[in-house]
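Whatever order the structure lists ligands and atoms in, that order sets their numbers, starting from 1.
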Amino acid sequence: MALHWKILIGLVLGIVVGIGINLFWTESTWEAIGVQEPATFLSATGPERVATETGDGVNAAAGFVAKSARFIRNANDFVGDLFMRLLRFIAVPIVLFSLIAGVASLNDTAKLGRIGGKTIGIYLTTTALAITVGLLLANIIGPGRGFREDVRTTLVESQAASAGEKIARAETRPTPWEVMLDIVPENPFAALAETQMLQVVCASLLVGVGLTLLPREKASPVVVLCESMTEVIIKIVHIVLALAPYAVFALIVPVLSDLGMEVLLNLLKYCVTVVLGLAIMIFIVYPTILRIFTRVPYRHFFWAISPAQLLAFSSSSSGATLPVTMECCEERLGAHDEVGSFVLPLGATINMDGTALYQGVAAVFIAQMYGLGLDVSDQLTIVLTATLASIGTAAVPGVGIIMLVIVLQSVNIPLEGIAVILGVDRILDMCRTMCNVTGDCMVCAVVADTENALEDPEKVRARYEEAQKRLDEYTREQEEFEKAAG
Ligand code: ASP
């Protein structure tokens, strides 16, 4: 079975189990087992955990089932975290080695400059386009118009602490000058150790350029080493990908089991607006750009990048998905290494179309909820600040909502509105991360094709399927051999 189907099955099963646990954990279950603080019950360990279980054994059976549900949730949380660690483990080395090898083999610094300019130009354009789609939809649908005041007050009160913490985090942000300065690492080893992706990209580019300036015989041992290390990391990515269907299941269960269904229903119109906007980007805007600028059919594109999309959805992190995104674009889409290893890490860090779209919708939603009008100049300010905010958003879960603070401040929308949308942030984060990763892959295809660095889609697919067939045959022979021997 093809990998993306396996991942999809893992995802669907995870959704079913997660929702099952969620439905089970109702107020009456908590009462029956005498748990006063459900959140602490779910996450507590040791003596704290005993203290949360103050039940008098009224309903031992319910207690047993609740504890089993907790075990399933926490075990999945653990497996998901383990998988994410594995992904993060490969993200830095794959960028470092493949970018150095790519730039050195390109041997053309002028071409490198052109690729860089093109990439950043398309990234900024698609991001501005995404916010425009978000703003248009939010103005037409009006998710915040007529929002019930009592619901708003309850949500603001219940989420006040968590929203306050997010607002405080946004307040300590660096200035744009500091952000730009920070791209150049003072210490490349610290950049590697601290996973500063833009700094790693900058350091790898410099080393790659340095290698192209050296005489061939001096440069080639390093280039060969980097090429071999890239192959090693790609092998690890294959192992990780084989685990992906199970990991996706594990990642999704805790998210859905903890999701407040009531909050989701209250904010349904808002969620639908965001998801509709993301769908327009993924299914209309990107295919149109691909059609205009490349010869890649959208079906092929979708087939090639679907494992990365599904993983982005499950993990809510374009940074952690990066190794898989690179594998999909280079092996399945056919983009050459020097393009993929430059465009994709850059995209994972600065290109966040989904996040920008979401920030646009959220700003209009909160303004509508408070009965504030946003005129054309306010909306243009949102386009500008959301573009910058999405660039500054780190590629990890839940940062989009922190950067939303900047967008709200720019047009004087009350920051406490963030508390209202906090409850559904994780689920929207999953959807916007999927859009972010799709956007990165689309730009990779455009840059590669316009630079003559994209293999013929038919050929890539035929090669991939041939390799898959050979692998299947090998596995079958192996099984037959073991049967005969056993
Ligand atoms: N989770 C998103 C990403 O990694 C960023 C965000 O919108 O919070 O792409």
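- For Y298 and F301, the distance between ring centers is under 6.0 angstrom.
- Pairing each heavy atom of G10 with each of V248, the nearest pair is C-CG1, 4.2 Å.
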Criterion side chain to side chain contact (heavy atoms under 4.5 Å, CB included) on H336 and E330, from CA distance to verdict: CA-CA 6 Å; H336 291 182; E330 290 169 9; over 6 Å; no
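- For ligand 1, the 4.0 Å heavy-atom shell contains residues S316, S317, S318, M352, T355, T393, A394, A395, V396, P397, G398, V399, G400, D429, R432, T433, N436.
- In this structure, F365 has its ring center closer than 6.0 angstrom to the ring center of F147.
- Of all the heavy atoms in P397 and R426, the pair that sits closest is CB-NH1, 4.0 Å.
- Atom CD1 of I413 sits about 10.5 Å away from atom OH of Y370, to the nearest 0.5 Å.
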